[in-house]
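Basis for what follows: all heavy atoms, side chains included, without hydrogens, waters or symmetry-related copies.
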Amino acid sequence: MNSQLLITNKNSKKTLAKSKKLLDVTNRIVIKQTQKKEKRKIWQDSDTSLVWQLEMNSEKYDWNEIFDYVKKLNKEDYGGYNDWRIPTKKELETILSNKSYKNENRYKYFIKEPLINSLKGYYYWSSTVNKKNLNDAWIVSFGSGYMYSNNKLGKLGVKCVRG
């Protein structure tokens, strides 16, 4: 009986070590080369398999302009891909964190830690329209960790996703 427990324990440790190694591989920041030979950083969330844009500019966009922004990313094959899109409200919720992390500028954000230094502001658009008010769309505040409805004319950041 004890020898069976010992074998099971060894197998469990090996499986756990392999799982941790696989998680490290899938959670790492992937650098791909684009056709322009520029390196672009992306991150794949091991919880959802979604791939997120890491490099951000500090420009703000109204809700209609974000769709032009994503077209631009796709045209330049950002990260080696041309199927980027604006995330839905539910997709943005998957990268929110219950814990806040400080970025390189010491600002606190409620976002999964690998994405912490990719933010250039607190508020980001989703592609989800508020069904109760069609002039509004859902946004995320990575500064507070909450989702809000915001007028589509407001100027906010955008973080694209694929997958």
Given 3.5 Å as the limit, does a donor-acceptor pair link the side chain of [X] with the main chain of [Y], or not?
X	Y	value
R85	G163	yes
N105	Y107	no
E104	R106	no
S141	S144	yes
Q44	V51	no

Could you tell me whether the side chain of [Y] reaches within less than 4.5 Å of the side chain of [X], counting heavy atoms only?
X	Y	answer
L156	W63	no
C160	I86	yes
Q53	I42	no
I95	L115	yes
K75	K71	no

Nearest atoms (heavy-atom pairs only) where [X] meets [Y]:
X	Y	value
E91	W52	O-CZ2, 3.6 Å
A137	W125	CB-CZ3, 3.9 Å
K159	P87	O-CD, 3.1 Å
P114	L54	O-CD2, 4.1 Å
S126	K89	CB-N, 3.7 Å

Legend entry - Partners passing ring pair (Phe, Tyr, Trp, His ring centres under 6.0 Å) against Y123 (at least two apart in sequence or in another chain): none
To the closest 0.5 Å, what do you measure between [atom1] ([X]) and [atom2] ([Y])?
X	Y	atom1	atom2	result
N82	E76	CG	CD	11.5 Å
N117	N103	CG	CG	5.5 Å
F142	S100	CZ	OG	14.0 Å

Legend entry - Whether Y78 and W84 hold their rings parallel, tilted or perpendicular, with breakpoints at 30° and 60°: perpendicular
Legend entry - Parallel, tilted or perpendicular: rings of Y69 and Y61 (30°, 60°):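 Judged by the thresholds at 30° and 60°, the geometry between Y61 and Y69 is tilted.
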[X] with [Y]: basic N within carboxylate O range, under 4.0 Å:
X	Y	result
E59	K155	no
K152	E65	no
D45	K112	yes

Legend entry - Listed partners of D136 passing side-chain contact (heavy atoms from CB on, under 4.5 Å), at least two apart: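 With neighbours one apart ignored, the set is N130, N133, S149, N151.
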Inset, instruction - Please identify each residue that fulfils side-chain contact (heavy atoms from CB on, under 4.5 Å) with K120, with sequence neighbours left out. - result: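 For K120 the side-chain contact (heavy atoms from CB on, under 4.5 Å) partners, ignoring immediate neighbours, are M56, S58, Y124.
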Inset, instruction - Please assess L96 against I111 for the test side-chain contact (heavy atoms from CB on, under 4.5 Å), listing each intermediate value before the final yes or no. - result: CA-CA 4 Å; L96 281 172; I111 192 170; 5.8 Å; no
Inset, instruction - Might you work through the side-chain contact (heavy atoms from CB on, under 4.5 Å) test for L50 and T94, ending with a clear yes or no? - result: CA-CA 9 Å; L50 293 172; T94 68; 4.3 Å; yes
Inset, instruction - Kindly check if the number of other-residue, nucleotide or ligand heavy atoms within 6.0 Å of NZ (K60) is above 12? - result: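 More than 12 within 6.0 Å, yes.
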Legend entry - Greater than 12 external heavy atoms within 6.0 Å of Y146's OH: no
Do the side chains of [X] and [Y] join up, straight or via other hydrophobic residues, at under 4.5 Å, putting them in one cluster?
X	Y	result
L134	F67	yes
W138	F110	no
V140	V70	yes

